[in-house]
Amino acid sequence: MNINEFQQARFGLFVHFGAYAVNGKSEWLKAYQKLTNEQYQTYIDHFQPKENCMEEWAAFAKAAGVKYAVLTTKHHDGFCLFDSQLTHYTTKQTIDRDLVREFVEAFREQGIKIGFYYSLIDWHHDDFPHYGDLQHPRNTAVEEKAKETKRDLDRYLDYMHGQIHELLSNYGEIDMMWYDFSYNNPKDSGLPNMKGETWRATELVKLMHELQPNLIYNNRLGSNGGMLVAEPEIYAGDFTSPEQLIPPTGMMNEKGELVPWEACLTMNESWGYTNTPFGYKRLRTLIHALVDSVSKNGNLLLNVGPDAKGKFPQKAQERLNGIGEWLEKNGESIYGCGAAPFPKPEWGRYTFKEAQNGQPAKLYAHIYERGVGPLPLVGLEGKLRSAKLVADGTLLNMERPWNVSKFPNDAFLNLPWYDTLPDEIDTVIEFELVEGE
Ligand code: GLC
């Protein structure tokens, strides 16, 4: 997928799946509890998802209305969900399954584009720095100290590049690589900063483009200044990936150009599966997060952490279904849309679709708050020619209300509902713009 297609798609599903699901706490448990590979092995041994789970996921994803999905092919624990010639530390070896292949096949079948999350960090590989590293599970284990001199980071990088080569060669067309992540090491550690050319990033970008010319990738190879500087490095990425937040005013580089971005967001407090059903964001919050992202020219990558058997948690299922139902009615105000050239309204958000294929430009009013009186559209008097409730296609009366004569520049729409809205989460009204607006 090219970057334009990515920006049309707007909504993706992130799946954090791996042996850490077995601990039911966090994909970071190995680091939090400073576990050795041997101690962590119990999670690897018990990681036995049920057959066909990916088909179930793909059906949920389709119903939720996502256009692309990103799977953790390898997380920081280093355990690979794909068959690799470069290591035995894979599901192919433990349960004789290539979960990445199952994922690709199931999601492709549903017409959903494919993204691979790949952790640059590796807490299993022997040649990845241990002692003194900012976050390695064994970073304070003195017995690791002496071994540091024997580690050869280049050997790890050969492995990492080799695995990316495998991922981009063995599964057909891949739409996106989602790297995670780069960081600076403590100054006194004697270790390099784990970013940019430490990963041999330029070489990696060449490899990616050679194998998959139409592939896009995120910004986490860790360039200096990221994507926002005037002259980003070649490996700066195709889109930025703000985490657990929606940039308040979208994203622009130093030259004032829009920068593609995708907010990644958990539904609860963890990326990997957690067995505490608390802390889930409300459906309302998630739909607003999607609308808010699009209203600022961004995408939303919403995460789910399936349990160890490969089931989406009940609460995640409910939310995905809820978003899907809303999108089924209102998707035209999300897909292919972006920011409107008008200031943010006080009652909700605008999204906007440029004029295309003989269709006029469309402004979508996402009403979160009914308020009182007619709906004000500041500065838009004379620019709107029809109003329609998107959910069911009914036209609304555009007659100018009697009480607004003091506001000649503003448009107003009489809403046919008093203290309610047909959709209390987000009622969407489509306005066709007068040509030339
Ligand atoms: C962080 C975490 C990781 C998660 C990622 C998603 O970098 O280390 O667990 O996969 O964010 O954005």
Side-chain angles (χ1 to χ4, degrees), residues 6 11-35 40 43 47 66 68-82 99-100 103 115-125 128-129 133-137 139 160 164 167 176-185 193-196 198-199 216-223 226-227 237-247 251 260-274 276 279 281 286 289 293 298-307 316:
F6 170 73
F11 185 33
L13 183 71
F14 211 171
V15 188
H16 273 71
F17 193 47
Y20 41 83
V22 178
N23 76 45
K25 298 204 171 46
S26 166
E27 75 285 357
W28 270 70
L29 195 84
K30 191 176 185 188
Y32 292 158
Q33 298 193 348
K34 303 208 162 291
L35 305 180
Y40 195 73
Y43 302 124
F47 183 53
V66 303
Y68 60 100
V70 182
L71 173 71
T72 48
T73 60
K74 178 195 90 167
H75 204 267
H76 308 336
D77 65 3
F79 187 59
C80 302
L81 270 51
F82 56 100
L99 295 176
V100 168
F103 168 82
F116 287 162
Y117 170 109
Y118 185 88
S119 175
L120 302 165
I121 299 169
D122 196 308
W123 297 334
H124 177 262
H125 200 285
F128 194 90
D133 176 76
L134 186 66
Q135 46 229 340
H136 195 284
N139 60 0
M160 177 183 119
I164 292 164
L167 286 168
M176 177 195 296
M177 281 304 288
W178 214 102
Y179 293 110
D180 196 31
F181 61 78
S182 296
Y183 55 98
N184 290 340
N185 267 319
N193 288 332
M194 307 305 278
K195 63 197 282 193
T198 303
W199 304 125
I216 56 172
Y217 68 102
N218 70 349
N219 63 327
R220 296 196 183 184
L221 288 172
S223 61
M227 289 183 65
D238 295 308
F239 63 93
T240 66
S241 56
E243 182 167 329
Q244 304 286 32
L245 122 144
I246 292 166
M251 303 210 64
W261 61 269
E262 174 200 66
C264 53
L265 188 70
T266 53
M267 286 194 218
N268 58 358
E269 72 280 15
S270 172
W271 296 99
Y273 174 68
T274 150
T276 53
K281 294 171 186 77
L286 296 173
S293 300
N299 286 25
L300 182 71
L301 184 65
L302 184 61
N303 182 70
V304 60
D307 70 18

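What you are looking at is a predicted structure, and each value in this text was computed from that prediction instead of being measured. In each ligand, atom 1 is the first atom listed, and ligand 1 is the first ligand listed.
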- Task: Ignoring hydrogens and angles, tell me if any N or O in the side chain of Asn193 forms a donor-acceptor pair with the backbone of Asn185 under 3.5 Å.
- Result: yes
- Query: Between Phe181 and His76, what is the ring plane arrangement, given parallel below 30°, perpendicular above 60°, and tilted in between?
  - Reply: perpendicular
- Message: According to salt bridge (Lys or Arg N to Asp or Glu O under 4.0 Å), does anything in residues 69-82 pair up with another residue at least two apart or in another chain? List the pairs.
- Response: Lys74-Asp122
- Under 3.5 Å donor-acceptor, Asn139 side chain and Asp133 backbone: yes
- Item | Ring geometry between Tyr118 and Phe82 (parallel below 30°, tilted from 30 to 60°, perpendicular above 60°) | tilted
- Expected contact list for ligand 1 at under 4.0 angstrom, heavy-atom basis, is Phe14, His16, Glu27, Trp28, His75, His76, Tyr117, Trp178, Asp180, Phe181, Arg220, Glu243, Cys264, Trp271
- Query: Between Asn303 and Thr266, does a side-chain hydrogen bond (donor to acceptor under 3.5 Å, both in side chains) hold up when you go through it step by step?
  - Reply: CA-CA 5 Å; Asn303 182 70; Thr266 53; over 6 Å; no
